[in-house]
2 protein chains.
Amino acid sequence: MSLATGLTQAERTERSDQLMLEAAVELINERGTRGTRLKDVGIRAGYSRGLAGQRFGSIENLFAFVLRRVGDEWLDHLMQATRDQTGTEAVSRALDEHYRFCVDAPHHVQTFYTLWFESVSAGSELADHIRSIHRRRHRDVLTWICKDPCIRDEVKADADAIAAQFCSTVIGIVYYWLANPEDLSGTRARHESLKRFMCERLQ
Amino acid sequence: MSLATGLTQAERTERSDQLMLEAAVELINERGTRGTRLKDVGIRAGYSRGLAGQRFGSIENLFAFVLRRVGDEWLDHLMQATRDQTGTEAVSRALDEHYRFCVDAPHHVQTFYTLWFESVSAGSELADHIRSIHRRRHRDVLTWICKDPCIRDEVKADADAIAAQFCSTVIGIVYYWLANPEDLSGTRARHESLKRFMCERLQ
DNA sequence: CGAGAACTTATTTGTTTCGAGCAAGTAAGT
DNA sequence: ACTTACTTGCTCGAAACAAATAAGTTCTCG
């Protein structure tokens, strides 16, 4: 029985990429990075035990692939939510979107941040990619502060420290969410109080 | 040639525990958790390839052992630094000690927090232990706030949110340090501005 | 123009190496 | 002699890569 699909080679590759992405997301979320096997990704995706290894070359490259795919999706959402906003409005929208994504698309967010925290483990090949995301985030927050016409100059002079605190606190909130996924109200409360504290600080 | 050490069995165990602990710390810091092998821990510690496996049973149990050993050391330091302090003094001391530990004992702190972040990966057996540390930290900060005679009641009414923000931000700062170990001034600046923001908030 | 061959790429299966985990053995202490 | 710390042997599973097979693409020739 022929398994011809009628797809082009490129379409076949994209299809298997997508199926293996979803399989990897599931497996990382179920078993963590240390329990995720290339073999299982291939099989879970409906292919052979060897395809993931053939396609990605290593588990690290698979993680990098997943991070890019999932991270791009998430960063797009964040950018849409804060487009053309500055100051407290941008902060509020970012935090609302952040929380909403935790609620609505938990699987991809869980994977994204699992890999995010994985990146600080020695030898991780994700570090450079994540570092660039960090810098981007920090710069975005800095821009929200410095471009806002309502924020006083003395606050703007402290923008770098405020942005650093904000980004650090978001990391900690995400950590809380990953560690306590059933406690959405605790996660929400942390988003809300960070919003409150930031709004106070930016007045 | 006899390898008799003149130690009791208990002393022999403690010695090998300690040597394997140090080996594990080195290996985790060099290679990350995913690159750390029970075999290598045994050999690095000066024993056979099989001892770590025999002693700990699994890599997960080794990590739990390391976390307890290193974490107890670190938590002792933190407790000494904040003993009998409340309010902004406790906060400042905790942050100073936190930063100082990053500078003076980076290897153990790196390992501790590497495992800390590892614990949010699915399937990690460290999660419960870390969760209890979290609760403890949160409660400590809450106590610092509520027991301080100089903090106003309206601030005390918000103590839970403030404590949650503080703990979250510390996590983010640690993350920054792990991701940017060469940038001690950035880590120090984050500690200092968190100190500043907390002191403002607690007035 | 269409069929089939040649070529390229996607996917599968085979094979080797390495580490985990546990059993069996040896060394050191009681 | 007995118990416990540590070592070595052995089996199995996964990674990584090679070799093979399947599917799509392009070219050639009747």
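Just so we're clear, the structure is a prediction, and the values are computed from it rather than from any experiment. Numbers restart at 1 for each chain; the letters A, B, ... are given by sequence-line order, proteins then strands.
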Partner of B:Ile28 by side chain to side chain contact (heavy atoms under 4.5 Å, CB included), out of B:Thr36, B:Val70, B:Val41: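 For B:Ile28, the side chain to side chain contact (heavy atoms under 4.5 Å, CB included) test succeeds with only one of B:Thr36, B:Val70, B:Val41, which is B:Thr36.
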Touch class at under 4.0 angstrom, heavy-atom based, for A:Gly50 against every strand present: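 If one applies the 4.0 Å heavy-atom cut-off, A:Gly50 turns out to touch a base.
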Sugar-phosphate, base or nothing in reach of B:Gly42, heavy atoms under 4.0 Å: nothing
Measuring to OP1 and OP2 of [N], would you say a side-chain N or O of [X] lies under 4.0 angstrom away?
{"X": "A:Arg55", "N": "C:dT11", "answer": "yes"}
{"X": "A:Thr8", "N": "D:dG24", "answer": "no"}
{"X": "A:Ser16", "N": "C:dT11", "answer": "yes"}

Of the listed nucleotides [options], the one nearest the side chain of [X]:
{"X": "A:Arg12", "options": "D:dA23, C:dA23, C:dT12", "value": "D:dA23"}
{"X": "B:Gln9", "options": "D:dA5, C:dT11, C:dT8", "value": "D:dA5"}
{"X": "A:Arg49", "options": "D:dC10, C:dG14, C:dA20", "value": "C:dG14"}

Any carboxylate oxygen within less than 4.0 angstrom of a Lys/Arg side-chain nitrogen, looking at [X] and [Y]?
{"X": "B:Arg136", "Y": "B:Asp140", "value": "yes"}
{"X": "A:Asp40", "Y": "A:Arg44", "value": "no"}
{"X": "A:Arg69", "Y": "A:Glu14", "value": "yes"}
{"X": "B:Arg93", "Y": "B:Asp96", "value": "no"}

For [X] and [N], give me the distance from atom [atom1] to atom [atom2], rounded to whole Å.
{"X": "B:Lys39", "N": "C:dT17", "atom1": "NZ", "atom2": "C1'", "result": "11 Å"}
{"X": "A:Arg15", "N": "C:dT11", "atom1": "CZ", "atom2": "P", "result": "8 Å"}
{"X": "B:Asp40", "N": "C:dC18", "atom1": "CG", "atom2": "P", "result": "12 Å"}
{"X": "B:Met20", "N": "D:dC6", "atom1": "CE", "atom2": "C1'", "result": "9 Å"}
{"X": "A:Asn61", "N": "D:dC17", "atom1": "CG", "atom2": "P", "result": "11 Å"}
{"X": "A:Gln18", "N": "C:dT11", "atom1": "CD", "atom2": "P", "result": "14 Å"}
{"X": "A:Phe56", "N": "D:dA14", "atom1": "CZ", "atom2": "P", "result": "19 Å"}
{"X": "A:Tyr47", "N": "D:dA23", "atom1": "OH", "atom2": "P", "result": "12 Å"}

Given DNA chain D, 5'-ward residue of the pair B:Gly46 and A:Leu7, judged by closest heavy atom: B:Gly46
